[in-house]
2 protein chains.
Amino acid sequence: MSTAPTVYDVAERSGVSIATVSRVYRNPDSVRAQTRERVLASARELGYVPSGNARGLASRSTGVLGLCFPDYSDPDAESEAETGAGDEADDDAAMLYSDQIIRGMERAARRHGYALLIAASLKGGPESQLAKVAGRVDGFAVLARTVPTEDLDVISRRQPVVMLAGPRESDDLDHLDHIETANTDGQRELTRHLIEDHGLRRLAYIGAEESPDVAARFRGHAEACRAAGVPVSDAPDLRVAMMTQAEGARATDELLDRPGPRPEALLFANDQMAVGALHTLERRGVRVPDDIAVTGFDGIALSRLVRPTLTTVRQPMRRMGEEAVELLVRRLTGQQGKEPVSMMLPVSPTRRESCGCT
Amino acid sequence: MSTAPTVYDVAERSGVSIATVSRVYRNPDSVRAQTRERVLASARELGYVPSGNARGLASRSTGVLGLCFPDYSDPDAESEAETGAGDEADDDAAMLYSDQIIRGMERAARRHGYALLIAASLKGGPESQLAKVAGRVDGFAVLARTVPTEDLDVISRRQPVVMLAGPRESDDLDHLDHIETANTDGQRELTRHLIEDHGLRRLAYIGAEESPDVAARFRGHAEACRAAGVPVSDAPDLRVAMMTQAEGARATDELLDRPGPRPEALLFANDQMAVGALHTLERRGVRVPDDIAVTGFDGIALSRLVRPTLTTVRQPMRRMGEEAVELLVRRLTGQQGKEPVSMMLPVSPTRRESCGCT
DNA sequence: GTGAAAGCGCTAACAC
DNA sequence: GTGTTAGCGCTTTCAC
């Protein structure tokens with residue numbers, strides 16, 4: 001792995017100038033075939049590969065798009081741990097959000113000739129992965145709430161940034177492009193379904209604290225309740241810290257142990273919690289959906305694997321990745337005006353067994 | 001997006017030299033706190049982010065690892081298309097190999113402070129994605145048969161490269177590090193199970209042409225047959241071009257229509273084909289596993305979703321990604337000797353319904 | 001603790 | 001077609 005050969009080495013070995021070597025790689029047709037072959041030959045002999053760094057520096061573009069997402073490793077490990085024996089589903093069947101988005105972005109990036117740089121953002125500060133990614137790509141997407149707002153603000157001044165999933169955080173970031181899913185619409189429809197089609201009226205909503213996504217979903221829930229004349233509080237009936245299976249299981253116990261009539265339906269702000277609830281309910285001998293309905297949100301693979309299968313709202317994460325890339329590419333090619341773009345992707349309420357359908 | 005601010009801008013604005021600005025980002029402690037704050041402040045005001053390219057050029061390292069994988073988009077689209085209505089499983093539940101490997105690599109890379117650059121390799125030539133990736137990373141992994149051997153040969157002279165899945169191709173690449181799974185062992189055990197535990201003797205093996213993985217798997221199959229005195233040919237009973245569901249379905253028809261006694265078991269070289277076979281068998285009214293056993297290979301998520309659930313051999317793709325990163329990092333830090341490493345990861349034969357178990 | 005200066009390997013005018 | 005010459009923005013000795 002001594003020192004990598006450079007244009008100079010190749011130029012010297014093939015008796016041309018470095019400019020010609022460069023041309024062979026950038027625009028082969030601008031070099032006489034014979035010369036080109038000679039250059040390519042010595043490049044091969046030397047083991048020459050153009051330095052992406054030097055190229056990027058000189059040409060001011062990298063041909064790479066990026067994605068920053070939250071460090072899910074902890075919650076993930078946790079959910080794996082408490083899933084318990086016999087249920088390997090979480091381990092490899094469950095595609096995380098980030099996986100889906102990565103896939104979508106990679107596909108779209110490929111179509112446009114870009115590669116994809118991915119990194120989970122750990123710590124903040126100047127040493128953050130965010131800065132690293134930002135410094136190495138032509139533009140990138142960030143999963144909402146992954147990084148401090150102010151950092152994004154700074155970075156978005158020098159390159160296109162698109163925020164994914166999760167509403168606009170504040171007016172400060174109003175100049176950022178932004179793609180979200182129809183959280184409110186999806187939850188409103190699901191709640192309406194429970195009320196009108198299944199005749200349920202005692203609904204309990206469970207979500208995390210301080211999550212804009214949860215807030216949007218709860219808003220839809222509340223709207224549907226009010227529209228149907230069903231009582232609903234101003235906030236979720238129960239708030240958890242992390243939206244994991246463990247927390248969903250615990251929340252279910254707490255809800256069932258509360259005095260007063262048992263809820264007819266448990267509406268969770270995500271699938272993971274709903275799955276945890278399913279476990280708890282089975283343990284307690286409460287039948288789903290006969291005794292109580294359960295719904296989730298997201299449409300993760302696991303939602304189709306559990307029994308009963310989970311009624312949920314599917315989010316088009318893959319498409320979100322694709323749209324993000326399309327938008328970035330448009331920005332980079334100047335096809336997109338100055339105005340910030342705000343896009344809302346439709347979701348798909350999916351009725352399965354846990355609400356009493358089928 | 002005008003022109004991005006540089007060290008010079010920050011230096012000037014904060015009244016220090018560019019060296020100091022650089023130090024603030026590389027080694028904050030080597031700068032007096034007061035100076036540091038001043039620099040950071042103007043950086044923030046200017047919207048400064050260090051250029052990864054310039055950094056990489058000057059320091060000769062990128063802090064990025066790479067992965068090149070084959071362009072699966074065609075086969076994937078195909079399998080999605082023919083899956084037909086009502087079966088959305090393929091669409092978002094099925095994690096592809098590459099997804100699993102990406103996840104494994106990303107996790108491991110993160111632990112070591114690296115980001116991950118991923119790219120599907122399309123065309124060959126100097127313009128290939130391979131060269132692009134190679135030029136932008138400190139080291140990378142390649143899914144077997146993704147790129148021409150000679151290209152790898154050249155590149156591996158200047159940076160660590162590890163081949164994933166699939167045996168050594170040739171002696172030319174003997175100096176490359178290499179991680180594979182125990183294809184032969186896994187298939188041998190599965191075939192043995194069918195013969196000894198289920199008493200089956202008329203086995204048909206279906207695999208692709210020219211795939212080293214298939215060759216290794218078939219080898220295990222043949223060994224198990226011979227060890228049990230079961231007749232077996234020198235090659236798979238049927239060879240397909242692509243290992244898709246469609247081909248698996250077609251192959252099943254062909255096999256069942258052949259004259260002579262019907263096979264007691266269909267052993268496919270991957271899960272996708274086996275799933276296709278399941279569809280065909282159901283259509284023809286052949287019961288699985290009562291009338292015929294079916295097995296796959298890989299352990300994709302879909303294998304657990306189909307009915308009957310598919311007996312298969314699970315490959316630890318995620319772990320493969322992790323091991324690849326560990327190996328690359330060891331190479332980069334000089335912790336790994338000069339000798340090429342060759343690693344074989346164990347697989348997990350997984351007995352489910354389609355072979356008659358459970 | 002901070003500054004000055006010499007590259008890192010390539011691209012992009014601009015000449016020839 | 002091909003060569004010359006400046007940088008691109010940073011890191012890195014080596015002085016001070």
Side-chain angles (χ1 to χ4, degrees), chain A residues 2-40 43 46-64 126-127 131-132 134-138 158-159, chain B residues 2-40 43 46-64 126-127 131-132 134-138 158-159:
Chain A
S2 54
T3 315
T6 73
V7 272
Y8 292 96
D9 301 318
V10 178
E12 184 178 6
R13 199 179 215 290
S14 43
V16 299
S17 74
I18 60 164
T20 299
V21 175
S22 176
R23 288 194 188 96
V24 167
Y25 285 87
R26 289 208 41 62
N27 188 2
D29 295 330
S30 70
V31 175
R32 204 198 319 159
Q34 184 187 330
T35 315
R36 194 195 317 143
E37 291 312 324
R38 199 144 35 92
V39 170
L40 250 16
L46 258 32
Y48 168 75
V49 177
S51 153
N53 285 325
R55 259 176 131 143
L57 223 207
S59 66
R60 297 110 162 302
S61 88
T62 63
V64 179
E127 292 293 282
K132 187 162 167 179
R136 309 205 77 88
V137 302
D138 294 340
R158 55 165 263 175
Q159 63 192 181
Chain B
S2 56
T3 313
T6 74
V7 272
Y8 291 97
D9 301 318
V10 178
E12 185 178 5
R13 197 180 218 289
S14 44
V16 300
S17 74
I18 61 165
T20 298
V21 175
S22 176
R23 287 195 188 95
V24 167
Y25 285 88
R26 288 213 46 61
N27 188 4
D29 296 329
S30 69
V31 176
R32 204 197 321 157
Q34 183 188 331
T35 315
R36 194 195 317 145
E37 292 313 325
R38 197 145 35 91
V39 170
L40 250 18
L46 258 33
Y48 169 75
V49 177
S51 152
N53 285 323
R55 255 174 133 142
L57 224 208
S59 65
R60 292 103 166 302
S61 86
T62 63
V64 178
E127 291 293 280
K132 187 163 168 180
R136 309 204 77 87
V137 302
D138 293 340
R158 55 164 263 175
Q159 63 192 182

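Here is how names work: the chains are called A, B, and so on, in the same order as the sequence lines, proteins then strands, and each is numbered from 1. Both backbone and side-chain heavy atoms feed into the values below; hydrogens, waters and symmetry mates do not.
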Is the distance from the ring center of A/Y25 to that of A/Y48 below 6.0 Å?
yes
Chain A reaches DNA chain D, atoms under 4.0 Å from its heavy atoms, from D/dG1 to D/dG9
Nearest 0.5 Å please: distance from the [atom1] atom of [X] over to the [atom2] atom of [Y].
| X | Y | atom1 | atom2 | value |
| --- | --- | --- | --- | --- |
| A/S51 | B/R60 | OG | CZ | 10.0 Å |
| B/T35 | B/L40 | OG1 | CG | 11.5 Å |
| B/R23 | B/D29 | CZ | CG | 13.0 Å |

Summarise protein proximity over nucleotides 3-16 of chain C in one line of letters, 5' to 3': B for base, S for sugar-phosphate only, - for none, counting protein heavy atoms closer than 4.0 Å.
BB--BBBBBBB---
Contact between A/V31 and A/V39 at the side-chain level, heavy atoms closer than 4.5 Å - yes or no?
no
By salt bridge (charged side-chain N to carboxylate O under 4.0 Å, His left out) - contacts of A/R13 (at least two apart)
A/E45
Nearest heavy-atom neighbours spanning A/N53 and B/T62
ND2-CG2, 3.3 Å
